[in-house]
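A short write-up of the structure that comes next.
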Amino acid sequence: MNTKILSASLMVGILLASCNSTKRTTNDLATSLPIETSINLTNISNDKAPVTINPGRFTLETVTYRLPRVIPGTYSVSDFGKYIDDFKAIDYSGNEMQVNKVDSNTWSIANAKQLDKITYSVNDTYDIEVAGGIGKDTPFSPAGTNIEPNNYVLNLHGLIGYFDTLKNNQYKLDVTAPADFVRTSALQNISSKTSEDGKSVTSSYFAPRYFDITDNPMMYGNLDVEEFQVGAIKIVLSVYSPNKVHTAASLKETVFNMMQAQKTYLGDINSTSRYDIYLYLSDGKDDSPKGFGALEHHTSTVVVLLESMDKAALASSMIDVVSHEFFHIVTPLSVHSEDVHYFDYNDPTFSKHLWMYEGVTEYFATLFQVNQGLVEESDFFNKVMTKIQRSKRLNDTMSFTIMSENVLKAPYKDQYLNVYQKGALIGMCIDILMREESNGNRGILSLMKELSNKYGKNKPFEDDKLIDEIVAMTYPSLGEFFNTHVIGDTPINYNEFFEKVGLEIGEGKVETNYILMNGAPIISGDPQKGTIFFTDAVLANSFWAEQGAQANDVIKTIDGTNVTLQNANQVLQKVFGWKPGKDVEVKLDRNGEEILIKTTVTKTYTTGKGIMEKADATDAQKALRKAWIKG
């Protein structure tokens, strides 16, 4: 889910006073003195982390403190205030002050001139998720928090809040943790102090403003960490695998090769000197996270995937997921609207341009793999065809700009997933149009570079003017495309664009997946029996058909794991990632008879729609296709 954010390197030439009898004076305006915050991971009680906020002395009569309702990079309500307990305001005499809880995320404190500090406890979100990672309105797992003895996922927007009038103040954050914990964070570490008994270490971090608190997640605990260079970018890969199935070292080569290819593809776009990847591998237990994917920040990403995936499947997922997040250094880090630049965590407005933030980013993550030779052209075309099929199952006659601007509201919020399907296809169509107009010399990557040079991370664009600017920078044909298919609600005829590069959507033998076929699953569930079974579509899947699988066969076990309605998401995710050459064992129940499939995975095919070369493709069309895919 996508899914962005920023770290700063500043000279800190001030003494950061500790919370003692010497108080600092602040007011309702930004000040050079930091808001002092602390999280104590050595004092966890009932799975809750204690937090202290020391804002300094207020001159206001009443102040408002909030936890974010919505965070950047997500397009749903998270309500992180719901996970706060024992909220207390303490005056300078050590007495508890009256607090008015305004809503789930907001606390109002009167007589604020006497406010010394705020204390509260934070529940984590991972252990209350239900299947699918969206039950109980919990945040998407990569945006959530984890508190367990061996691991702490500290998405700081879930622990540290802000005063309405002080969001632009600097922050000092102290995190106290056991001395043997590994700790990683892209925030500037200004000091570390070991306790007198040597059992704990307090690390102090600096953030230029609240945005940088939310933009720089941390991970603490029994981690594996690998650091390496990709060009001028330092990559820090932090991995938590509860059962030590995977390590940062085992993933290092995959991540290095992927990011090296991404940097080669991006060329001179270089908007960060460091990029952090925090990978939490879920063991699939009831209290483990179940929302698999990633959340982007400007210079980092938090990823949640299944620990039980084999090395090849995990590597493939990391390439698909992390490459998308890394490409967010183009947009919105370098190219973004005022809605992003001045994000309101409580009552956000949203840009019209999710087609760019998420769609173009997803397109880059798909295209660069074939551009850099990580996958074959057939794999690329299969992914594009899958996106076309999935987009058609959503509302294909909805204005993309209207949907984007109203993404938290019905009926638009239910169409958000189309940003990764039709949004990416919009990027593809723009790319092909620009290649055609420029004889192959310009594409959407060059457009994004031009926009990046015009704006950059510190200068937002005006939302309502972006499309006109793009058309002025490129060609009138793009204006017609935007007006018809992005601002307008006319579905895209993709064959019109494939025709330009000598391709077409046709019927034939196409490579497919072991769970999804033509964009739809070949399995279903029986809620009364709690079982998973094959549908009629399994007969059209060459791999399963060759193994003798039949419609209505109940899937009992896969590689020794019992398959139920409750754990199907986790187990079938592994099947989705199967690669040719893997040895598998599947037990089926066919009307009470056990059917054993023990084989080695081979490529699987079906008859369906696919992207194919036209029989009469011209040399000019082939040349344009090469410029599009390899340019």
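Predicted, not measured: the structure shown is a model, and the values here were computed from it.
The only member of Phe400, Phe482, Tyr420 that meets ring pair (Phe, Tyr, Trp, His ring centres under 6.0 Å) when paired with Trp355 is Phe482. Among Phe534, Tyr514, Tyr605, the one residue that satisfies the ring pair (Phe, Tyr, Trp, His ring centres under 6.0 Å) test with Trp544 is Phe534.
Residues satisfying the side chain to side chain contact (heavy atoms under 4.5 Å, CB included) test with Thr349, not counting sequence neighbours, are Asp339. In this structure, the side chain to side chain contact (heavy atoms under 4.5 Å, CB included) partners of Ser104, at least two apart in sequence or on a different chain, are Lys82.
Judged purely by atom type and a 3.5 angstrom limit, Asn483 uses its side chain to pair as donor or acceptor with the backbone of Gly479. Checked by atom type and distance alone, the side chain of Thr535 pairs as donor or acceptor with a backbone atom of Ile522 at under 3.5 Å. Of the possible donor and acceptor atoms, one in the side chain of Ser282 sits under 3.5 Å from a partner among the backbone N and O of Pro289.
By the neighbour-count criterion of 12 heavy atoms within 6.0 Å, atom CG of Asn493 is densely surrounded, having more than that number from other residues, nucleotides or ligands.
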*Intermediate values then yes/no, salt bridge (charged side-chain N to carboxylate O under 4.0 Å, His left out), Lys383 and Asp379*: CA-CA 6 Å; Lys383 286 186 177 181; Asp379 298 313; over 6 Å; no

*Stepwise, does the salt bridge (charged side-chain N to carboxylate O under 4.0 Å, His left out) test hold for Lys465 with Asp463?*
CA-CA 6 Å; Lys465 296 182 178 180; Asp463 209 64; over 6 Å; no

_Checking Glu436 against Lys500 for the salt bridge (charged side-chain N to carboxylate O under 4.0 Å, His left out) test, could you report, in this order, the C-alpha distance in whole Å, the side-chain angles of both residues, the deciding distance, and whether it holds?_
CA-CA 8 Å; Glu436 180 186 42; Lys500 300 175 189 297; 3.1 Å; yes

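Ring geometry, Phe368 versus Tyr265: the interplanar angle falls from 30° to 60°, so the pair is classed tilted. Ring-plane geometry between Tyr345 and Phe343 is classed as perpendicular, the angle between the planes exceeding 60 degrees on a 0 to 90 degree scale with a lower cut at 30. Using cut-offs of 30° and 60° for the angle between ring planes, the Tyr162 and Tyr210 rings count as tilted.
Closest approach of Phe80 to Asn105, counting heavy atoms only: N-OD1, 3.4 Å. Closest approach of Gly144 and Asn155 over heavy atoms only: O-ND2, 2.7 Å.
Side-chain contact between Glu437 and Met434 is absent, with no heavy atoms from C-beta onward closer than 4.5 Å.
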